[in-house]
Each structure stands twice: as structure tokens, then as C-alpha cells.
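Numbers here simply count residues along the sequence, with the first being 1.
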Amino acid sequence: MGAHTDSPNQNRKAFGRLSLPERTYIADALRTETVGGVLLLVAAVAALVWANTPLSDSYETVRNFHIGPSALGLDLSVQHWAADGLLAVFFFVAGVELKRELVAGDLRDPKAAILPVVAAICGMAVPALVYVLTNVAGGGSMDGWAVPTATDIAFALAVLAVLGTSLPSALRAFLLTLAVVDDLFAIMIIAVFFTSDLNFAALGGAVAGLVVFWLLLRKGVRGWYIYLPLALVIWGLMYNSGVHATIAGVAMGLMLRCSRRDDEEHSPGEHIEHLVRPLSAGLAVPLFALFSAGVGISGGALGDVFTQPETLGVVLGLVLGKAFGIFGGTWLATRFTRASLSDELAWPDVFAISTLAGIGFTVSLLIGELAFVGDETMTDEIKAAVLIGSLIAAFLAAVLLRLRNAKYRKLWEEEERDEDHSGIPDIYEQDSPEYHLRMAEILEKRAAEHRRIAELTTGGSEQGDRPA
């Protein structure tokens, strides 16, 4: 995670400066996710308002409205189209992100990958453990153990945008890489634990479609009019197979080539991700939130969240499990690899980011629907717990981040400074003779201008001092 290797006699620095290409990629990705996160917040608020006003009947009518070809097994409600269809786009982007991280990002280097991977694993295992212990003590259902394991990067970035927090790029990279690994394990959980009775004919067709998809990519065939229909067929077959349809999106994303060739400015995977990410962040995820986050909220319902073991387990898992899991995993990883924190950061910064990762909105809502399918009352209560847990985590992270915001802003401004107007931040040009020559020329011009002003000022003062 943005770590770099020092000389053999020195400890490796965790949360060190990113390479320029990695920094540029992450800045572009997070910019889109931040806008999407704001839209996600707006959609969630709209859903809550719609579901808790006299118009609530229309909300239920719209999200339960069925549409689609029943002959193909796709006569689905609007809510199911959002969860199984639109989120396949979200997971497609997650698959491309993961592939890129593995071949061109931080995860390609095992030493650098240890930190975010261990942090993500602990950040999923500890919330699940908190949920299990809470329900063992309270006699609740174990079905929701996976609900508090997910982090919502878009929601977290929206909180940062609202706060006006300028995190250093290393912390932002850690948050993004953490979310990518988090998504990978969430995908595995969905595939393994939430697969219904398998239809092997449909599953075989989906696998065959994925093979064709892969072969076309290998042959260098281009054209969205080829891949989009094929992707829809694969998705439909995957849905009818009993495996959650979002797995199709992940599989196709992982197949894209994300390594650049000599004549390429961007790899095909990066190019397609750049095109699809706005669709995912700006449309797919907000619409899913609109039709999934609308739960009835009253004083009694809010009180039930903190008294039922299932919902309390979700809240505690997101707020406490995520914070201490990620923080503890990061601390263990640095101890195990003999890495030390960057001189510019401190452990409270890591804890603040770990707390922010307790925002588990989109995937947590999806897993909540899958875990308690058929029990509409419990599903809504779990969703309410996800909303409340995420809001508490967001509030605590806001307090912790604001305490260090002045420091973050100073670091961010240092990273962004470009005094020679080359388009590249100065911190990446310290070893470039051309940079120092440009700066010398700029400073000489400034010095000449200051001398000219000084001479004019001195001349004016001398005239003013002469006797009348």
C-alpha cells in the first residue's frame, strides 16, 4: 500500500509516498467515486424520506413492480433488477480494479501487498466475530455474520468530501486498496455462502460464455456491440444458475488485460474502467441504494436496533469490529514486516481511517438481503442497523479526522505544489536537473523583479527626504 523499499539496513516505510503513475490513477479513481458517493448519499436520503412519508405505499409499489421476460426466468422486481443487475456493473468495476492492483498496482509486490491484505482480512474477520459473539450471548441468528464485513468506499469518500478533509495520497491509496481487497472477499462470501440450488445447465452455459469472452479478449477483438450482448447473456445464465448474478460481473472484469504495452498510454482494462466507473458510481450504486435503503424508521424501530442481537451485532461489527480489526491488522503487518510508519503520519491517523472503513453501505445492504431472504421484517431491521452503524462510524471518523485536518491539509498542499508549472508535483522532480534549472530561472526572475521594486522604492524615499 504505497510502501517503498529503503536500503537493506533501514526499515521499510508504511504509508510512504506513492509513485507518480499510481498517485495519478488513484486521484482519478477517487474523484469519480467521491461524486458517486455524494449521489449515493442523496439516493439513500431520498429512499428514507420516500419510505417514511404518506407516499410509502408508492415506494413499495415501485420497487416490487415486476418487469422482464418470464420465459427467460428474468421476470424480476425493480428491487431485484437493482441488486442483481445494476450491482453487476459495480462488481465488474471491482473486478477490473482488483486485476489492475494485482498486475500494476500495490498488490503486485508481495511486500507492499501484505499491509492492505492483512488489514482487510482482519477488518472482515473481527466484525464477523463481533457479530457472532453478540448473537451467541443474545441467542440471535447467525445468518447475518457477513453483513458488517464490507466497506463502502464511495460512502466513505463522500464523508471526506462533506468534511472537506484533504487526506494525504498514501492514506487515500490505503483506503482504496483496502476496499478492493474487501470487495474480493465479499464476492467470495456471496459466491460460497449465498448460492442457492444450482442449475448446472445454466451454470455450464455461463461458464461457456465466459470462455468465449476470454477468447475474444485474447484475440484482440474489439467492439462494444460484441461484448455487451455477450455480457448480458452471461449475466442472464449466471442469474438462472443459482450463483449470484454479480459474480458474472467480477469474472468478466478479472479477464480484462490491465498491463500496458509499449505503444499504449492506458491498458484496455484501465480504459474500460474509466468509461464504466462513472456509470457504476453515478447510476448503478445510487439506484440500488434508492430501492434498498428505504426502510421504515420510527422511535421504536430505532430502539429495536440496539436491543435485538442480530441488529446490535451489525452495529457493533461496523463501528467497533471494523475499526479495531483494520487497525490491529495494520499494526500486526507492520510488526511482521518490520515496517515503520511514514515520518509524516502517526498511529491515530491509521485508527481514524480504520474507523472510516466502518461505513459498510452498499455491499452490506446486499448481503443483508441475501442473509435473511424470505424474512422481510428482519431484512428491514438489518438494513436499519447497517444505516445506523454506518452513520455512527462516519460521525466518529469525522471527529477523529477533523482533529488532524490541519496536518492533512499541509501534507496535501505539499504533494500538490507545482511551482515550476510543469504539470508534475515538485516532490516528484527533486532528482531532476531540469526541474532545478527551471526553478533557478523562475527565482532569478523573481529576484530581478524584487531588486527593481527595491530600487524604485529607494529612489522615491531619497526624493522624499530632500530638503524643500
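Sparse packing is recorded around CZ of Phe324, with 12 or fewer heavy atoms of other residues, nucleotides or ligands lying under 6.0 Å away. Shown here is Leu403, whose CG atom has more than 12 heavy atoms of other residues, nucleotides or ligands within 6.0 Å. For Met188, the CE atom is loosely surrounded, since the number of other residues' heavy atoms within 6.0 Å does not exceed 12. Enclosure of atom NE2 in His66 by more than 12 non-hydrogen atoms of other residues, nucleotides or ligands within 6.0 angstrom is indicated.
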### Query
Where do Leu48 and Leu387 land on the side-chain contact (heavy atoms from CB on, under 4.5 Å) test, with the steps shown first?
CA-CA 10 Å; Leu48 289 170; Leu387 293 171; 3.8 Å; yes
### Task
Kindly determine whether Thr246 and Phe90 satisfy side-chain contact (heavy atoms from CB on, under 4.5 Å), including the steps that lead there.
CA-CA 8 Å; Thr246 53; Phe90 167 80; over 6 Å; no
### Query
Should Thr330 and Trp347 be marked as a side-chain contact (heavy atoms from CB on, under 4.5 Å) after you check the CA-CA gap, both sets of side-chain angles, and the distance that decides it?
CA-CA 10 Å; Thr330 305; Trp347 283 108; 4.0 Å; yes
### Task
Given side-chain contact (heavy atoms from CB on, under 4.5 Å), test Asp152 with Leu40 step by step and report yes or no.
CA-CA 10 Å; Asp152 194 308; Leu40 175 63; 3.8 Å; yes
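Side-chain atoms of Leu217 and Arg257, non-hydrogen and from C-beta on, never get closer than 4.5 Å to each other. Val147 has its side chain out of reach of Tyr131: every pair of non-hydrogen atoms, C-beta onward, lies at least 4.5 Å apart. No side-chain heavy atom of Leu370 sits less than 4.5 Å from a side-chain heavy atom of Phe193. Two residues are said to be in side-chain contact when any heavy atoms from C-beta on lie closer than 4.5 Å; Val285 and Phe361 fail this criterion. In this structure the side chain of Leu87 reaches within 4.5 angstrom of the side chain of Thr362, judged on heavy atoms. Looking at heavy atoms from C-beta onward, Leu41 lies in side-chain contact with Phe155 at the 4.5 angstrom threshold. Taking 4.5 Å as the limit, some side-chain heavy atom of Val243 sits within range of a side-chain heavy atom of Leu198. A 4.5 Å side-chain heavy-atom check between Trp235 and Leu74 finds at least one atom pair inside the cut-off.
Across Val130 and Gly313, no two heavy atoms sit closer than the pair CG1-O, 4.5 Å. What you find for Ala333 and Leu115 is that their closest heavy atoms are CB-CD1, 3.6 Å. Residues Gly144 and Ala371 approach most closely at CA-CB, 4.2 Å, considering heavy atoms. Considering all non-hydrogen atoms of both residues, Cys122 and Gly329 come closest at SG-CA, 3.7 Å. Across all their heavy atoms, Ala186 and Val363 have their closest contact at CB-CG1, 3.8 Å. Contact record, Pro286 with Ala43: O-CB, 3.2 Å, taken as the closest heavy-atom pair.
In summary, of the residues considered (Lys99, Glu101, His266), a side-chain contact (heavy atoms from CB on, under 4.5 Å) with Cys258 occurs for Lys99 alone. Ser390 pairs with exactly one of Leu318, Thr151, Val315, Val319 by the side-chain contact (heavy atoms from CB on, under 4.5 Å) rule, that one being Leu318.
A distance of 11.0 Å separates CG in Asp84 from CD1 in Ile247, rounded to the nearest 0.5 Å. Here the CG-CZ distance, from Leu332 to Phe327, works out to 10.0 Å after rounding to the nearest 0.5 Å. With values rounded to the nearest 0.5 angstrom, Lys219 atom NZ is found 9.5 Å from Trp214 atom CH2. Between the CG atom of Leu210 and the CE atom of Met238 there is a distance of 5.0 Å, given to the nearest 0.5 Å. Separating the CZ atom in Phe372 from the CG atom in Asp380 is a distance of 12.0 Å, to the nearest 0.5 Å. Here CG of Leu287 is found 13.0 Å from CD of Gln79. Values are rounded to the nearest 0.5 Å.
Using modelled atom types, no side-chain atom of Asp182 and backbone atom of Met124 make a donor-acceptor pair closer than 3.5 Å. Not one N or O on the side chain of Thr379 forms a donor-acceptor pair closer than 3.5 Å with the backbone of Glu369. Using modelled atom types, no side-chain atom of Lys322 and backbone atom of Gly317 make a donor-acceptor pair closer than 3.5 Å. Although no hydrogens or angles enter the test, the distance criterion places a donor-acceptor pair under 3.5 Å between the side chain of Ser292 and the main chain of Phe288. Although no hydrogens or angles enter the test, the distance criterion places a donor-acceptor pair under 3.5 Å between the side chain of Trp81 and the main chain of Ile67.
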